[in-house]
**Student:** 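Have a look at the structure that comes next, please.
Here the structure is a predicted model, which is why all the values come from computation and not from measurement.
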Amino acid sequence: MSYFDELAYQFIDGEWRAGSGSWDIVDFNPYNGEKLTSIPVATVEEIDQAYRAAERAQREWGATNPYARRLVFERVLRIIDDREAELAETIAAEVGGTLVKVGFELHLAREFLREAIQLALRAEGRILPSPIDGKENRLYRLPVGVVGVISPFNFPFLLSLKSVAPAIALGNAVVLKPHQNTPVCGGGLVAKIFEEAGLPAGVLNVVVTDIAEIGDALIEHPVPKTISFTGSEKVGRHVATVAAANFKHSVLELGGNSALVVLDDADVDYAVDAAVFSRFVHQGQVCMAANRVLVDRSVEREFTEKFVARVAALKVGDPTDPQTHIGPLINEGQAEAITSLVDRAVADGASALLHGETRGTLVAPSVLSGLPDDSPLLQQEIFGPVVVLVPFDGDEEAVRLTNATPYGLSGAVHTKDIERGVRFAKRIETGMFHVNDATVHDEPIVPFGGAKSSGVGRLNGDAMVEAFTTTKWISIQHGRSQFPF
């Protein structure tokens, strides 16, 4: 029995059960169209059951010694190590990820789990002085209680774990809703591994459903105090609005329109390598991917010739083939949307230095240049293998162009002068920026998040403590207070 058969269920209060909805979410392999499984959707009633189970289980889990909580994560790591081949095969089948992408996802998942082991001990309190004689002020870091997690399809296993693991390590319970295109990797697998690692029933619950069935019940429910959402800016705005209306804290990791900037003194060959990876890793379905490559006119011709040659050599095809660089997009709708973007840009006057063809979910790379200043492609996130080359004259114009987008997630600049790169990076309106590297990076202890329309809040490291705990002030009067009446 494969994981797809075994995990085609909801996981609520420690039980695997079929959803009671009247329709199924059908899970397909995006490369060959094979049906992997179908899962009856969870209803509003099951959302309530999951949150109530989490609420009950959290009371005891939150009181558990954090050293004991760490043991669960050590067992999770061992399970992942023991089953790496099976996990990789499952992720490749459901996501359409290449072997490089799948290896990267499993590696980072381990790193974030190792950080969660340490995180269990980092909810530190403080004692503050008081102007009142005899008074002691204690600040306690306590779990928020129950966290709702909504994860995306592009790195489903990693990005579910990225919120689920720290929330649980810090004493919370979780209800996880994976993306409907990746219900197994983003939901069932996570629950299965934690169940086998000995996590008590109810601490982690997984509901596979869709807004068409449940509306905003997952966010509006009175039990969760924090909502962690990773996904598109459009949906993120809605999540933020509904969460705020219900007095819930939200952590939003949203889309981007990142730029990789090549200054006049850059190592052009190295910048080409970084740009190719930054745009085309996982078919460009990465929020940090470099949608735009900005190049100083003094090196524009050299860079463009080398870049286009490298991109043209990328192999498109079966993600399980070790030689494949670019596998399928997540579904045909996404492939059609990307194809339409390119066709429209060319019709509006852009030059296609490469114009990749589309076959089903396989979309070959396109490299565009000469876009008019008002082109939508310069403003929006492009979740596919399309890149825009933009020339500039000098650092001032490069800064202006890099910031000329509603997004502010990541970016990179290439220059032989490190401090020049740092000065440039400080002027860019993003949550993250990299000097002489790719735009796609994530590390367990470094604050991860965006500015502008790319999100609110931070994840990773100490930011996880901020996201998934609350501060409580308890004062103690050791003497006797004097009251005015």
**Student:** In sequence, state the C-alpha distance, the side-chain angles, and the governing distance for Thr405 and Leu378, and then conclude on side chain to side chain contact (heavy atoms under 4.5 Å, CB included).
**Tutor:** CA-CA 7 Å; Thr405 168; Leu378 296 174; over 6 Å; no

**Student:** How long is the span from the CD atom in Gln334 to the CD1 atom in Ile338, to the nearest 0.5 Å?
**Tutor:**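 With rounding to 0.5 Å, CD (Gln334) is 5.0 Å from CD1 (Ile338).
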
**Student:** Determine which pairs satisfy ring-ring contact (aromatic ring centres under 6.0 Å, His included) with at least one residue from residues 89-118, sequence neighbours left out, and list them in order.
**Tutor:**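 Those involving residues 89-118 do not exist here.
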
**Student:** Quick check on salt bridge (charged side-chain N to carboxylate O under 4.0 Å, His left out): which of Arg279, Lys306, Arg310 does Asp273 satisfy it with?
**Tutor:**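 It is Arg310; the other options fail the test.
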
**Student:** May I ask you to decide if Gly198's main-chain N or O and Arg75's side chain share a donor-acceptor pair within less than 3.5 Å?
**Tutor:**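 Not confirmed, Arg75 side chain does not pair with Gly198 backbone.
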
**Student:** Is there a donor-acceptor pair closer than 3.5 Å between any side-chain N or O of Thr226 and the backbone N or O of Phe468?
**Tutor:**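 Side chain of Thr226 to backbone of Phe468: no pair is present.
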
**Student:** Ion pair present between Lys452 and Glu233, side-chain N to carboxylate O less than 4.0 angstrom?
**Tutor:**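 Result for this pair is no, no salt bridge flagged.
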
**Student:** Is Thr469 reaching over with its side chain to a backbone N or O of Val465, donor-acceptor style, under 3.5 angstrom?
**Tutor:**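 Answer holds: yes.
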
**Student:** Answer yes if the side chains of Gln285 and Asn154 hold a donor-acceptor pair under 3.5 Å, and no otherwise.
**Tutor:**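 Looking only at side-chain atoms, Asn154 and Gln285 do not form any donor-acceptor pair under 3.5 Å.
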
**Student:** Between Glu419 and Arg423, is there a salt bridge with N-O shorter than 4.0 Å?
**Tutor:**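 No, no charged N to carboxylate O under 4.0 Å.
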
**Student:** Keeping the roles fixed (side chain from Asp13, backbone from Ala53), state whether a donor-acceptor pair exists under 3.5 Å.
**Tutor:**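 Side chain of Asp13 to backbone of Ala53, a donor-acceptor pair under 3.5 Å: no, none is there.
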
**Student:** Using the ring centroid of each side chain, check whether Tyr270 and His414 are separated by less than 6.0 Å.
**Tutor:**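 Between Tyr270 and His414, the centre distance is under 6.0 Å.
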
**Student:** In Å, rounded to the nearest 0.5 Å, how long is the span from CD1 of Ile79 to CD1 of Ile193?
**Tutor:**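 Spacing of CD1 (Ile79) from CD1 (Ile193) equals 6.5 Å.
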
**Student:** Is the closest side-chain heavy-atom distance between Leu170 and Pro143 below 4.5 Å?
**Tutor:**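 Result no, sub-4.5 Å side-chain heavy-atom pair not found.
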
**Student:** Between Glu253 and Ser454, is there a donor-acceptor pair closer than 3.5 Å when you use the side chain of the first and the backbone of the second?
**Tutor:**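 Side chain of Glu253 to backbone of Ser454: no pair is present.
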
**Student:** Say you draw a straight line from CG of Leu368 to CG of Leu389; how long is it, rounded to the nearest 0.5 Å?
**Tutor:**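 Output value for this atom pair is 8.0 Å.
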
**Student:** Do the side chains of Pro156 and Val95 get nearer than 4.5 Å, heavy atoms only?
**Tutor:**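 A side-chain contact exists here, since the closest heavy-atom pair is under 4.5 Å.
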
**Student:** Please work out which of the three classes, parallel, tilted or perpendicular, describes the rings of Phe11 and Trp16, given edges at 30° and 60°.
**Tutor:**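 The rings of Trp16 and Phe11 sit tilted, inter-plane angle from 30° to 60°.
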
**Student:** Run Val26 and Lys35 through side chain to side chain contact (heavy atoms under 4.5 Å, CB included) and show every step you take.
**Tutor:** CA-CA 7 Å; Val26 183; Lys35 178 182 174 181; 4.0 Å; yes

**Student:** Over 60° means perpendicular and under 30° means parallel, so tell me whether Phe424 and Phe433 are parallel, tilted or perpendicular.
**Tutor:**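 Judged by the thresholds at 30° and 60°, the geometry between Phe424 and Phe433 is tilted.
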
**Student:** For the atom pair CD1 (Ile91) and CG (Leu106), what is the distance rounded to the nearest 0.5 Å?
**Tutor:**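 Reported to 0.5 Å precision, the distance equals 4.0 Å.
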
**Student:** Looking at Arg83 and Glu196, is there a salt bridge between them, counting it only when a charged N and a carboxylate O are closer than 4.0 Å?
**Tutor:**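 Here Glu196 pairs with Arg83 in a salt bridge, since their nearest N and O are under 4.0 Å apart.
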
**Student:** Calculate, to the nearest 0.5 Å, the distance between atoms CG and CG belonging to Leu204 and Leu199 respectively.
**Tutor:**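 Reported value, rounded in 0.5 Å steps: 6.5 Å.
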
**Student:** Taking 4.0 angstrom as the limit, do Glu6 and Lys192 come out as a salt bridge?
**Tutor:**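 Between Lys192 and Glu6 there is a salt bridge, with a charged N closer than 4.0 Å to a carboxylate O.
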
**Student:** So, Asp27 versus Thr37: side-chain donor-acceptor pair below 3.5 Å or not?
**Tutor:**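 Their side chains do not contain a donor-acceptor pair, so the 3.5 Å distance test is not met.
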
**Student:** State whether Lys162 and Glu111 are salt-bridged, where the test is any N-O pair (Lys NZ or Arg NE/NH1/NH2 against Asp/Glu carboxylate O) under 4.0 Å.
**Tutor:**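 No, no charged N to carboxylate O under 4.0 Å.
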
**Student:** Going by the rule side-chain contact (heavy atoms from CB on, under 4.5 Å), which residues pair with Glu124 if we only count those two or more places apart in sequence or in a different chain?
**Tutor:**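 Glu124 satisfies side-chain contact (heavy atoms from CB on, under 4.5 Å) with no other residue.
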
**Student:** Taking Glu94 for the side chain and Cys185 for the main chain, is one N or O donor matched with an acceptor at less than 3.5 Å?
**Tutor:**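 Checking the backbone N and O of Cys185 against the side chain of Glu94, a donor-acceptor pair under 3.5 Å is found.
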
**Student:** Listed by chain and number, what are the side-chain contact (heavy atoms from CB on, under 4.5 Å) partners of Ala68, not counting sequence neighbours?
**Tutor:**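 Expected list: Thr64, Asn65.
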
**Student:** Would you say the side-chain atoms of Glu357 pair up with the backbone N or O of Val363, donor to acceptor, closer than 3.5 Å?
**Tutor:**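 Checking the backbone N and O of Val363 against the side chain of Glu357, no donor-acceptor pair under 3.5 Å is found.
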
**Student:** Is the closest side-chain donor-acceptor distance between Arg141 and Thr470 under 3.5 Å?
**Tutor:**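 No.
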
**Student:** Salt bridge between Glu381 and Lys234, side-chain N to carboxylate O under 4.0 Å?
**Tutor:**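 No, Glu381 and Lys234 are not salt-bridged.
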
**Student:** Keeping Ser453 on the side-chain end and Tyr407 on the backbone end, is there a donor-acceptor pair under 3.5 Å?
**Tutor:**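 No; zero donor-acceptor contacts below 3.5 Å.
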
**Student:** Between Thr415 and Asp417, do the side chains contain an N or O donor and an N or O acceptor separated by less than 3.5 Å?
**Tutor:**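 Short answer, no.
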
**Student:** Between the side chains of Thr358 and Thr339, is a donor N or O closer than 3.5 angstrom to an acceptor N or O?
**Tutor:**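 A pair is found: one side chain offers a donor N or O, the other an acceptor, under 3.5 Å apart.
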
**Student:** For the pair Phe280 and His325, evaluate side chain to side chain contact (heavy atoms under 4.5 Å, CB included) and give the outcome as yes or no after the intermediate values.
**Tutor:** CA-CA 8 Å; Phe280 297 106; His325 301 101; over 6 Å; no

**Student:** What I'd like to find out is whether the side chain of Ile80 reaches to under 4.5 Å of the side chain of Arg110, using heavy atoms alone.
**Tutor:**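 Counting from C-beta outward, Ile80 and Arg110 do come under 4.5 Å.
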
**Student:** Is Arg122 salt-bridged to Asp462, cutoff N-O under 4.0 Å?
**Tutor:**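 Salt bridge present between Arg122 and Asp462.
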
**Student:** How far apart are the C-alpha atoms of Leu108 and Phe155, what are their side-chain angles, what is the distance that settles it, and do they pass the side chain to side chain contact (heavy atoms under 4.5 Å, CB included) test?
**Tutor:** CA-CA 10 Å; Leu108 270 184; Phe155 284 79; over 6 Å; no

**Student:** How about Asp267 and Asn436: does a side-chain donor come under 3.5 Å of a side-chain acceptor?
**Tutor:**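 Side-chain D/A pair, Asp267 to Asn436: absent.
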
**Student:** Would you say the side-chain atoms of Trp61 pair up with the backbone N or O of Ala173, donor to acceptor, closer than 3.5 Å?
**Tutor:**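 Side chain of Trp61 to backbone of Ala173, a donor-acceptor pair under 3.5 Å: no, none is there.
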
**Student:** With rounding to the nearest 0.5 Å, note down the distance linking CD in Gln283 to CG in Leu314.
**Tutor:**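 Here the interatomic distance stands at 10.5 Å.
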
**Student:** Is a donor on one side and an acceptor on the other found under 3.5 Å between the side chain of Asn205 and the backbone of Val175?
**Tutor:**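 No; zero donor-acceptor contacts below 3.5 Å.
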
**Student:** So, His441 versus Phe448, ring centres under 6.0 angstrom or not?
**Tutor:**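 Judged by ring-centre distance (under 6.0 Å), His441 and Phe448 do not meet the cut-off.
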
